[in-house]
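Beneath this line is the structure, given in structure tokens, with notes to follow.
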Amino acid sequence: MAITQTANAHWEGSLVEGKGNVSLDTSKSGSFEIDWKARAEEAGGKTSPEELIAAAHSSCYSMALSHGLTGAGTPPTSIDTKAEVKFQAGQGIIGIHLTVRANVPGLTQEAFVEAAEGAKANCPVSKALAAVENITLDAALV
């Protein structure tokens, strides 16, 4: 059964001078300020579409990797994933770098990297971001 997750954005003004907010409605986790400066220069306590994409990608990737490892008989003790989404004004998202560190008892580094690459290729958010040409991965056991 498919479920729908909802967020809403409100924007006022031009791209560069305007401002707005985005709310995470399904989880009711909050409303966050957005503006061009936070997106293209520095966050300054505000979020951006790219930060929200990074949150979605890191969490989806961790879940997909956990699922794959467990299905292969090597359930992880822990997985920590950082997603860095690189945005260039005028070009858009030009790259995403995933860094994953995991504790997986009984698994070799080589087998872990193979599982990590599989999760990168198959997590639903990675698939949704397929238009991004440069998605890289640094995977290591801890």
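Judged by distance alone, with hydrogens and angles left aside, the side-chain atoms of S66 form no donor-acceptor pair with the main-chain N or O of S62 at under 3.5 Å. Put simply, the side chain of W36 never gets that close to the backbone of A38: no donor and acceptor are under 3.5 Å apart. With S27 contributing its side chain and S29 its backbone, the two residues share a donor-acceptor pair below 3.5 Å. A donor-acceptor distance shorter than 3.5 angstrom exists from the side chain of T26 to the backbone of T6, with no hydrogens or angles considered. Without hydrogens or angle criteria, Y61 side chain to A56 main chain gives no donor-acceptor distance under 3.5 Å. T70 contributes no side-chain N or O that, together with a main-chain N or O of H67, makes up a donor-acceptor pair within less than 3.5 Å.
By the salt bridge (charged side-chain N to carboxylate O under 4.0 Å, His left out) test, E51 pairs with no residue at all, sequence neighbours left out.
Annotation for P105 and P75: closest pair CD-O, 4.0 Å, computed over non-hydrogen atoms. D35 and G18 make their closest contact through CB-O, 3.7 Å (heavy atoms, listed as atom of the first residue, atom of the second, distance). Heavy-atom minimum distance, I79 versus A102: CG1-CB, 4.0 Å.
Taking the charged nitrogens against the carboxylate oxygens, K19 and E33 have no contact shorter than 4.0 Å, which rules out a salt bridge.
Connection of V85 to I34 is not established within any shared hydrophobic cluster, with ILVMFWY side chains joined at heavy-atom distances below 4.5 Å, either directly or through further cluster members.
More than 12 heavy atoms of other residues, nucleotides or ligands shown are found within 6.0 angstrom of CD on E41.
L24 places a side-chain heavy atom less than 4.5 Å from the side chain of F32. Contact annotation: the side chain of L65 approaches that of F112 to within less than 4.5 Å [non-hydrogen atoms, C-beta and beyond]. At least one side-chain heavy atom of R39 sits less than 4.5 Å from a side-chain heavy atom of F87. Between N8 and V22, the closest side-chain pair of non-hydrogen atoms is not below 4.5 Å. Side-chain contact between T74 and P76 is absent, with no heavy-atom pair separated by less than 4.5 Å.
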Kindly indicate, with the supporting measurements, whether the criterion side chain to side chain contact (heavy atoms under 4.5 Å, CB included) is fulfilled by I53 and I93. CA-CA 10 Å; I53 289 170; I93 296 173; 3.6 Å; yes
Scan the side chains in residues 124-142 for donor-acceptor partners under 3.5 Å anywhere in the protein, sequence neighbours excluded, and list what turns up.
| unit_1 | atom_1 | unit_2 | atom_2 | d |
| --- | --- | --- | --- | --- |
| S126 | OG | H57 | NE2 | 2.7 |
| S126 | OG | K120 | O | 2.8 |
| T136 | OG1 | H97 | ND1 | 2.5 |
| D138 | OD1 | R101 | NH1 | 3.4 |
| D138 | OD2 | R101 | NH2 | 2.9 |

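The structure places CD of E50 at 13.0 Å from NZ of K86, a figure rounded to the nearest 0.5 Å.
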